[in-house]
Q: 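Before I ask anything, let me first share the structure, which is written out below as structure tokens.
Note that the coordinates shown come from a computational prediction; the quantities given were computed from them, not determined experimentally. The figures here come from the full heavy-atom set of this structure, side chains too, leaving out hydrogens, waters and symmetry mates. So you know, we letter chains A, B, ... as the sequences are listed, proteins then strands, and number each from 1.
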Amino acid sequence: MPALLRLHRLKLLALTLVANLALLLHLAAGDLKAPAEWVWLDILGEGGSALLALVWLCLILKSRPAGRVTNLLTLGLGLVFFSWWVDSLDEFIRMPEAIGWDHWLESAPMPFGLLLLTYGLYHWHHEQLAISAQMEKRERLFREHLLFDKLTPLAGADYLRRQLQLSLQESRREQVPLSLVAVDLDDFDAINQRYGHAEGDAVLQAVTQVLLLNLRRQDLLCRLAGDRFVVLLPATGEAQARQLASELAEAVRSLAHKSRQHGERLPLKASVATAMALDEDAEALLQRLNLALARAKQPLALSA
Amino acid sequence: MSGSWFERDTRCIAAHGQPAALIDLCLQRGINSHRLLRGTGLFHEDVLRGDTLVSPEQFFQLIDNARQLLDADDSAFLFGQRLLPGPLGAASQALSLAANLQQALELLVELRTLLFPLLSPRLLLDEQHAYLHWQDNCGAGHQFRFLVEAAMAAVIAMSRRLGGERLPWQIHLRHARPRYIEQYWVHLGEDLHFASPYDLMRLPRACLTRPWPQSAPTAALVAGQQARAELQRLPATHSLLDALYRWLLDHARQAPGLEHAADAFGMSPATFKRKLKKHDTCYQEQHDQARLHLALYLYQIKGYSNDEVAAYLRFHDATNFRRSFKRWTGLAPSALLLAMRGR
């Protein structure tokens with residue numbers, strides 16, 4: 001069982017129990033219909049609805065940690081499922097006319113379920129706003145989870161390209177400058193070699209947090225590749241970008257990251273470079289930024 | 001020369017070498033080891049035993065699984081960075097104690113089956129430059145790009161690690177400029193040339209001979225001897241395609257046909273054809289490739305003219321040669337050389 005579903009074992013158990021109880025009650029009170037009496041269209045419609053409600057429930061449980069909103073959604077969808085489940089039971093079991101509780105069992109849970117579901121969705125919306133606020137500086141107006149980086153909580157190069165294209169158009173339209181800053185860790189390979197690749201990954205995650213703390217609300221931080229980050233700075237000129245870049249370099253230098261194994265401090269240093277958008281496309285701008293960074297890094301052993 | 005090579009299905013790669021590096025990378029990214037090893041015929045316990053050999057075929061399957069499960073643009077580069085000098089006992093030690101980059105690259109070429117079993121590196125020198133040329137070895141097919149990215153990242157990371165400085169590598173690659181160009185910038189540098197006729201790394205010669213800080217000449221010699229002994233203990237020291245390539249270069253002046261080559265390798269033409277097909281290639285392709293490389297070598301390093309190259313390769317005339325050259329590369333010799341020089 002996947003880890004998240006395990007959190008909700010009790011809820012699933014309760015639902016199974018209640019559904020079985022309803023089945024037993026029906027079996028005790030009514031008679032089975034012969035297969036010739038089955039109405040396939042109703043079975044498909046009502047049974048299919050019950051099945052889908054169950055799938056939604058599992059998807060929700062699987063994708064959410066436990067909590068108030070999850071409980072509301074579960075209870076709501078659980079009642080909806082139950083209602084459809086009982087509805088499909090009478091396709092197979094004929095109930096005597098004298099009995100009225102089966103109609104109650106079928107119809108009563110549905111409105112309550114829908115009300116709870118609505119209430120849950122409303123709170124989900126608020127929860128999502130809170131999470132979006134936490135995503136500030138890491139995404140801009142557009143979400144695509146396929147473009148998220150697998151290591152750091154940042155978007156990757158493809159997301160950056162897409163955002164850069166949009167921002168370039170915007171800056172041209174509104175006649176405001178747009179700048180990029182590249183931040184590249186020095187001797188990152190030495191950290192991997194000396195402390196292990198897991199430590200290198202931890203350093204990248206720590207640096208990500210430090211960079212985020214040093215940015216403005218409207219800036220966007222992406223991980224370009226490896227140990228190289230790029231910040232998109234809307235409405236920012238070259239001088240201001242340089243200022244921000246040196247602040248970022250300073251922040252990385254004073255980050256006292258401790259190794260996970262022995263807790264000693266790893267000395268970190270970053271090279272930075274800036275590029276202000278001229279009349280060029282996203283790809284050319286990125287390329288220019290990287291050339292500037294190559295020049296800013298320690299000089300090559302021999303110029304080619 | 002019969003039987004002295006390995007093929008796609010020969011078990012000749014130490015599982016605790018490159019395959020283990022790839023497995024570690026995947027495990028660190030939280031990938032399930034059973035899914036990773038599915039279809040490879042390999043168990044994690046085999047790798048841990050330390051004496052298991054795997055075939056190129058099994059390794060290709062592992063790479064295929066790893067690429068799908070990692071599903072990231074930087075997989076090849078991260079894998080490559082972990083490879084050299086590597087954990088391969090004497091061979092790795094000889095590399096890390098080498099006197100300079102040139103010695104390390106010469107060792108890499110000599111011990112390639114231990115250090116980089118799926119590709120063949122070749123080192124060429126002229127007055128100004130050193131060229132490290134990478135070539136398919138076992139019919140990598142669509143895995144070739146992954147391997148060549150890893151190989152180049154490995155050499156660049158090694159030269160930086162052991163030499164302590166960034167070197168001005170120039171990179172030539174046969175494939176077109178990829179979407180994820182930023183990975184190349186970060187891991188291979190900015191001097192990149194795509195759609196080239198070969199997969200090659202170029203460096204000013206002076207960078208090769210600068211002494212490395214931690215070199216230990218005597219210990220390096222001893223480690224080198226031990227590594228050579230290990231190499232001899234493998235089922236073979238080089239692959240079938242590797243052997244054929246070298247035979248073709250040696251016999252290029254005779255423009256040998258398939259029968260001639262099959263005879264030299266001690267098998268019937270039909271068997272020879274079948275073996276090449278197993279490696280995802282055919283005789284004509286291998287023959288053309290060797291002649292192209294030789295032609296480029298004569299142009300660029302020996303400074304031959306069109307007529308001289310055509311005569312050397314036994315073409316009837318320069319026109320005929322130019323036509324063939326265009327078929328191999330898509331460009332006439334003059335255009336290609338101009339394009340490469342202009343870069």
Q: Check this for me: does any side-chain nitrogen of one of B:Glu182 and A:Arg161 sit under 4.0 Å from a carboxylate oxygen of the other?
A: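 Salt bridge between B:Glu182 and A:Arg161, a charged N being under 4.0 Å from a carboxylate O: yes.
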Q: With a 4.5 angstrom heavy-atom cut-off, which part of B:Arg179 approaches chain A: side chain, backbone, both or neither?
A: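 Backbone plus side chain of B:Arg179, per the 4.5 Å heavy-atom cut-off to chain A.
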Q: Would you find more than 12 non-hydrogen atoms of other residues, nucleotides or ligands less than 6.0 Å from B:Tyr297 atom OH?
A: no
Q: Check the surroundings of atom CD in B:Gln214: do more than 12 heavy atoms from other residues, nucleotides or ligands lie under 6.0 Å from it?
A: yes
Q: Does any backbone or side-chain atom of A:Leu151 lie under 4.5 Å from a heavy atom of chain B? Answer side chain, backbone, both or neither.
A: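 Contact with chain B involves the side chain of A:Leu151 alone.
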Q: Check each atom of B:Leu70 against the heavy atoms of chain A and say whether the ones under 4.5 Å are side chain, backbone, both or neither.
A: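 The backbone, not the side chain.
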Q: So, B:Arg161 and A:Asp189, do they make that salt bridge, N to O below 4.0 Å?
A: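 Yes, this pair counts.
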Q: Out of A:Asp184, A:Asn192, A:Leu286, which one racks up the most heavy-atom pairs below 4.5 Å with chain B?
A: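 Most heavy-atom pairs within the cutoff with chain B belong to A:Leu286.
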Q: Where on B:Asp24 is there a heavy atom nearer than 4.5 Å to chain A: the side chain, the backbone, both, or neither?
A: neither
Q: Does anything in residues 201-231 of chain A get under 4.5 Å of chain B by heavy atoms, and if so which residues?
A: A:Asp201, A:Arg223, A:Leu224, A:Ala225, A:Gly226, A:Asp227, A:Arg228
Q: Is any side-chain heavy atom of A:Glu283 less than 4.5 Å from a side-chain heavy atom of B:Ile181?
A: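 The answer is yes, as the side chains (C-beta and beyond) meet within the 4.5 Å cut-off.
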Q: Is the shortest side-chain N to carboxylate O distance from B:Glu190 to A:Lys297 below 4.0 Å?
A: no
Q: Got more than 12 heavy atoms from elsewhere within 6.0 Å of CZ, A:Arg172?
A: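 Enclosed.
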Q: Among all residues two or more places apart in sequence or in another chain, which pass the ring-ring contact (aromatic ring centres under 6.0 Å, His included) test with B:Trp134?
A: B:Phe116
Q: Nearest 0.5 angstrom please: A:Asn290 CG to B:Tyr184 OH, how far?
A: 15.0 Å
Q: May I ask you to check whether over 12 heavy atoms, not counting those of B:Arg177, lie within 6.0 Å of atom CZ?
A: yes
